[in-house]
J.: 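Okay, handing you the structure first.
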Amino acid sequence: PAGFGPVAWLRWGWRTLTSMRTALILLFLLALASVPGSVFPQRDISPEKVAEYFRDSPTLAEWMDRLSLFDVFQAPWFAAIYLLLFVSLVGCVLPRSVTHYRELRRRPPAAPRNLSRLPRHAVVEGEADVAELAALLRRKGFRVSTGPDWVGAEKGYLRETGNLLFHVALVGILVAVGVGALYGYRGNVLVVEGEGFANTVAAYDRYQPGQRVTAESLEPFSFTLRDFQATYQTAGENQGQPLDYVARLGVSDRPGAAERPYDLKVNEPLNVHGTQTYLINHGYAPVVKVTDGDGQVAYEGPVPCLPVDQRTLTSECVIKVPDARPEQLGFLARFLPSTASAEGGYVSVFPAAVNPTMQIWAFSGDLGLDDGVPQSVYQLDTDKLKPLVMQSEPLLPGQSLKLPDGAGTIAFTEVREWISLQIAYDPGRWPALVSAVVATVALVLSLMVHRRRVWLRVRRADGDGPARIEVGGLSRTEGNTGFTQEFDEIVKTLRGRSAAAPAKE
């Protein structure tokens, strides 16, 4: 319309943003935006599964990464929904809280002149005193106001109180998440059996601190992975299905403290002064020993392998040996926990390490590690490398493979297991839990409690005849079927009181 300028547009935008309808739409969008975070692997939780996506479908993974589907909760579009919802809730709750406060201080309205027009109406014969009638309704939980010949009563304010508390709790959850993002941190680390971890920034494979977190903020604990055991279904249709995972740790809560044992399980995180350590993945790390062409040990240690088949834990490994001479060596390996021969090769038939073997693909040449370009430890670019061995026979623990052209040997010495951990400190965790509990209770109140009003008007007949008490009731909430029963109980109480009253002489 004419004269609808920038100020009017801003006012219209603010009213639209802070409306209850917009808040509900944004809440739905926030829940919808969280779905990809549970469908697709997240980089801050399972970086190895994200790497598997890039290996299996590089083009699709690149587009997914552009849309932040591997970092949903750090994505700009998720933050936009989050902030708009926060502003909408605050702008919606504040004016409604002021209005509700005024409603609580306001006396119930006076009785209408004609109560028979109300949805619920009854007449009771008998003597009546306004003060006694008011006391009767107060005992039933009503807020009461009185006049010369009438009583007005109202209750059900907890409905709006619960509604406001629900929205305040949602704001509390958003604030708690924001506090956790500012003052909390999380990181991922892969630990092999026999190795340890100290909670320092340098020890993390991936570390995401909040804006207010410093290196001194980290809790100074450490632990060693003594053993990892996975239990699987051994027979039946669900053969190979995991039953239990246990990582046995030796934990020191602070530097110099005595080590204590702890069994880390999937749903039982290690808690050290509020810092939670979660078990999120596991796999195999076969130990290999690489001797170069000069007879020197160029590499020796465990090699974490990424599972490519979760049912059997068939895994793939990458081994880079830049210190080998005369040429650098690179290996691709396939680890089979329970090896069995099949048509066209070998397969793993069970996820436990019953009959572990390794198959080797060997290459020599410049690995490109000296170029200054970052490389993934789980990928080997073989385009510019010279192939030495293409798919060897399976090596058992203790066996070795001699490389051609005097390039050296690679030995498979033993099998260890690795676990992937997420270590997180979130100061907003408990406030978020309290807010969620408050939101649940408030939602129950807003759904179960109904606003209703009851009026009593005493009409006295001319002469010495009995008085008539007119009762009227009004439910201020649609679908309040329980009000009919409550109103009938009030009328029944009034009639019982009149019948019990002594007759005047």
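These numbers were taken from a predicted model, which means no experiment stands behind them.
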J.: Partners of Glu160 by salt bridge (charged side-chain N to carboxylate O under 4.0 Å, His left out), sequence neighbours excluded?
T.: Arg96
J.: Run the side-chain hydrogen bond (donor to acceptor under 3.5 Å, both in side chains) test against Arg429 and tell me which residues pass, sequence neighbours left out.
T.: none
J.: Is it the case that Gln229 and Arg248 place a side-chain donor and acceptor less than 3.5 Å from each other?
T.: yes
J.: Mind listing the closest non-hydrogen atom pair of Arg453 and Phe483 along with its distance?
T.: O-CZ, 3.8 Å
J.: Would you mind writing out the side-chain donor-acceptor pairs for residues 63-91 within the sub-3.5 Å range, not counting sequence neighbours?
T.:
| unit_1 | atom_1 | unit_2 | atom_2 | d |
| --- | --- | --- | --- | --- |
| Asp65 | OD1 | Arg43 | NH1 | 3.2 |
| Asp65 | OD1 | Arg43 | NH2 | 3.1 |
| Asp65 | OD2 | Arg43 | NH2 | 3.4 |
| Arg66 | NH2 | Glu62 | OE2 | 2.9 |
| Asp71 | OD2 | Arg43 | NH1 | 2.3 |
| Trp77 | NE1 | Leu67 | O | 3.0 |
| Tyr82 | OH | Leu174 | O | 2.1 |
| Tyr82 | OH | Gly178 | N | 3.2 |
| Ser88 | OG | Leu17 | O | 2.6 |

J.: Listed by chain and number, what are the salt bridge (charged side-chain N to carboxylate O under 4.0 Å, His left out) partners of Glu132, not counting sequence neighbours?
T.: Arg497
J.: Output every pair passing salt bridge (charged side-chain N to carboxylate O under 4.0 Å, His left out) with a member in residues 102-124, not counting sequence neighbours, ordered by first then second residue.
T.: Glu103-Arg106, Glu103-Arg451, Arg120-Asp488
J.: Let me have the donor-acceptor pairs involving side chains of residues 24-34, under 3.5 Å, with sequence neighbours excluded, atom names and distances please.
T.:
| unit_1 | atom_1 | unit_2 | atom_2 | d |
| --- | --- | --- | --- | --- |
| Ser34 | OG | Leu30 | O | 2.8 |

J.: Which residues pass the side-chain hydrogen bond (donor to acceptor under 3.5 Å, both in side chains) test with Thr22, sequence neighbours left out?
T.: Ser19
J.: In a table with atom names and distances, give each donor-acceptor pair under 3.5 Å that connects a side chain of residues 261-273 to protein atoms at least two apart or in another chain.
T.:
| unit_1 | atom_1 | unit_2 | atom_2 | d |
| --- | --- | --- | --- | --- |
| Tyr262 | OH | Glu268 | O | 3.3 |
| Tyr262 | OH | Pro269 | O | 2.9 |
| Asn271 | OD1 | Gly274 | N | 2.9 |

J.: I'd like to check the salt bridge (charged side-chain N to carboxylate O under 4.0 Å, His left out) partners of Glu259; sequence neighbours left out, ordered by chain and number.
T.: Arg226
J.: Cation-pi between Arg143 and Tyr157: NZ/CZ under 6.0 Å from ring centre and within 45° of the ring axis?
T.: yes
J.: Kindly state whether the ring of Tyr245 and the ring of His282 have centres lying under 6.0 angstrom apart.
T.: yes
J.: Please list, chain by chain and in numerical order, all residues satisfying side-chain hydrogen bond (donor to acceptor under 3.5 Å, both in side chains) with Thr146, sequence neighbours excluded.
T.: none
J.: Determine whether the aromatic ring centres of residues Tyr425 and Tyr183 are separated by less than 6.0 angstrom.
T.: no
J.: What residues form a side-chain contact (heavy atoms from CB on, under 4.5 Å) with Ser315, not counting sequence neighbours?
T.: Cys305, Pro307, Phe335
J.: Is a side-chain donor-acceptor pair under 3.5 Å present for His100 with Thr161?
T.: yes
J.: Mind checking what makes salt bridge (charged side-chain N to carboxylate O under 4.0 Å, His left out) contact with Lys49, not counting sequence neighbours?
T.: none
